[in-house]
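Okay, structure first, notes after.
Proteins come first, then strands; the chains are lettered A, B, ... in the order of their sequence lines, and each starts at number 1.
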Amino acid sequence: EDKVVQSPLSLVVHEGDTVTLNCSYEVTNFRSLLWYKQEKKAPTFLFMLTSSGIEKKSGRLSSILDKKELFSILNITATQTGDSAIYLCAVSDNNDMRFGAGTRLTVKP
Amino acid sequence: EAQVTQNPRYLITVTGKKLTVTCSQNMNHEYMSWYRQDPGLGLRQIYYSMNVEVTDKGDVPEGYKVSRKEKRNFPLILESPSPNQTSLYFCASSSRTGARNIQYFGAGTRLSVL
């Protein structure tokens, strides 16, 4: 059965800390892995990863995919209170998309 | 502005009273999908549609219906809502070409079934 597992489920850090969020998956016919950030409303897109070892970067956020070991990490450096959110990992196959349960990140001042 | 619009945003209803949550997108996307989000379970797919008149079950389709008569609209129908359908619902759409896996989400519909 296809599945996407995120860890940790919850994380509390202080401003300035660096965090690493994990996503492992078992999906038949893998096409891509996506990271979303969800604050109070709808998830918003962060990264899409399709190839192993190629880091995607946007400001303080970066992500990389390992298709051999079937996982991805999302790094956030120098965290700010505005980074507090649920971070969702999703994996798509040929037809649809499967989401993990999310990691709730809380950044304290 | 490119967007996915859901209505209503909030809904309180009683068991058994049929309801419809509308979803419309203005990006000419072929693919549309409905999810429910529950604490600790993440987003679970209810139904998806690859194009007009083509719909398929996701992971949790029981108790829901959908239709895709037009490309832009993908309503979610609860014929006889039950309390276990109390949840936060998201509609999403994506293109079948280019960056086709990037789904754009509506703002969500919070449903309470009493």
Side-chain angles (χ1 to χ4, degrees), chain A residues 1-11 21-51 56 58 63 65 67 72 74 85-105, chain B residues 1-7 9-10 21 23 25 27 29-51 54-61 66 74 87-110:
Chain A
E1 182 185 330
D2 293 348
K3 59 181 179 181
V4 178
V5 179
Q6 292 186 245
S7 64
L9 292 181
S10 180
L11 188 57
L21 310 183
N22 304 295
C23 176
S24 65
Y25 63 91
E26 293 176 25
V27 172
T28 310
N29 299 315
F30 173 89
R31 175 184 284 170
S32 62
L33 185 145
L34 296 92
W35 285 97
Y36 286 86
K37 178 182 181 182
Q38 185 179 21
E39 296 175 86
K40 291 182 180 160
K41 295 183 180 178
T44 53
F45 171 76
L46 293 175
F47 298 112
M48 182 171 73
L49 304 156
T50 55
S51 301
K56 292 282 183 89
S58 176
S63 184
L65 173 68
K67 289 170 74 174
S72 173
L74 174 69
I86 297 173
Y87 290 84
L88 296 166
C89 172
V91 176
S92 72
D93 60 15
N94 289 332
N95 289 323
D96 59 10
M97 186 169 290
R98 184 175 295 273
F99 282 81
T103 294
R104 181 180 291 277
L105 174 65
Chain B
E1 181 190 348
Q3 59 185 5
V4 179
T5 304
Q6 290 179 232
N7 279 297
R9 293 290 316 283
Y10 301 92
V21 184
C23 174
Q25 51 92 6
M27 295 170 279
H29 284 166
E30 295 85 358
Y31 183 98
M32 297 186 75
S33 183
W34 275 103
Y35 297 90
R36 60 178 289 174
Q37 186 174 33
D38 302 290
L41 296 176
L43 285 161
R44 292 181 293 167
Q45 192 174 52
I46 302 170
Y47 270 94
Y48 64 95
S49 169
M50 305 282 265
N51 215 324
V54 180
T55 61
D56 275 298
K57 295 178 180 179
D59 291 327
V60 288
V66 293
F74 191 44
S87 187
L88 178 59
Y89 291 86
F90 287 103
C91 178
S93 73
S94 66
S95 173
R96 293 279 291 163
T97 58
R100 52 180 159 175
N101 293 317
I102 300 175
Q103 292 197 35
Y104 297 87
F105 286 83
T109 295
R110 188 168 290 281

In terms of heavy-atom proximity below 4.5 Å to chain A, should B:Gln6 be classed as side chain, backbone, both, or neither?
neither
For B:Leu43, is it the side chain, the backbone, both, or neither that has a heavy atom closer than 4.5 Å to a heavy atom of chain A?
both
Side chains of [X] and [Y] in contact at under 4.5 Å (non-hydrogen atoms):
{"X": "B:Tyr104", "Y": "A:Phe45", "answer": "no"}
{"X": "B:Gln45", "Y": "A:Phe99", "answer": "no"}
{"X": "A:Arg98", "Y": "B:Asp59", "answer": "yes"}

Rounded to the nearest 0.5 Å, how far does [atom2] of [Y] lie from [atom1] of [X]?
{"X": "A:Lys41", "Y": "B:Arg9", "atom1": "NZ", "atom2": "CZ", "result": "5.5 Å"}
{"X": "A:Ser92", "Y": "B:Ile102", "atom1": "OG", "atom2": "CD1", "result": "10.0 Å"}
{"X": "B:Tyr35", "Y": "A:Leu88", "atom1": "OH", "atom2": "CG", "result": "10.5 Å"}

Selection from B:Ala107, B:Gly108, B:Ser33 maximising heavy-atom pairs under 4.5 Å formed with chain A:
B:Ala107
Heavy-atom donor-acceptor pair, B:Tyr48 side chain to A:Met97 backbone, under 3.5 Å:
no
Based on non-hydrogen pairs under 4.5 Å, which of A:Ser32, A:Ser10, A:Ala42, A:Gly100 is most in contact with chain B?
A:Ala42
Measure across B:Phe90 and A:Pro43 and return the closest heavy-atom pair with its distance rounded to 0.1 Å.
CE2-CD, 4.0 Å
Should we say atom CZ of A:Arg104 is surrounded by more than 12 heavy atoms from elsewhere, each under 6.0 Å from it?
no
Partner residues of B:Ser49 under the side-chain hydrogen bond (donor to acceptor under 3.5 Å, both in side chains) criterion, sequence neighbours left out
B:Arg68
List in chain and number order the residues that pass ring-ring contact (aromatic ring centres under 6.0 Å, His included) with B:Tyr47, two or more places apart in sequence or in another chain; answer none if no residue qualifies.
none
Which region of A:Leu9, side chain (C-beta onward) or backbone (N, CA, C, O), has a non-hydrogen atom less than 4.5 Å from a non-hydrogen atom of chain B, or is it both or neither?
neither
Proximity breakdown for A:Gln38 and chain B, heavy-atom pairs closer than 4.5 Å:
side chain
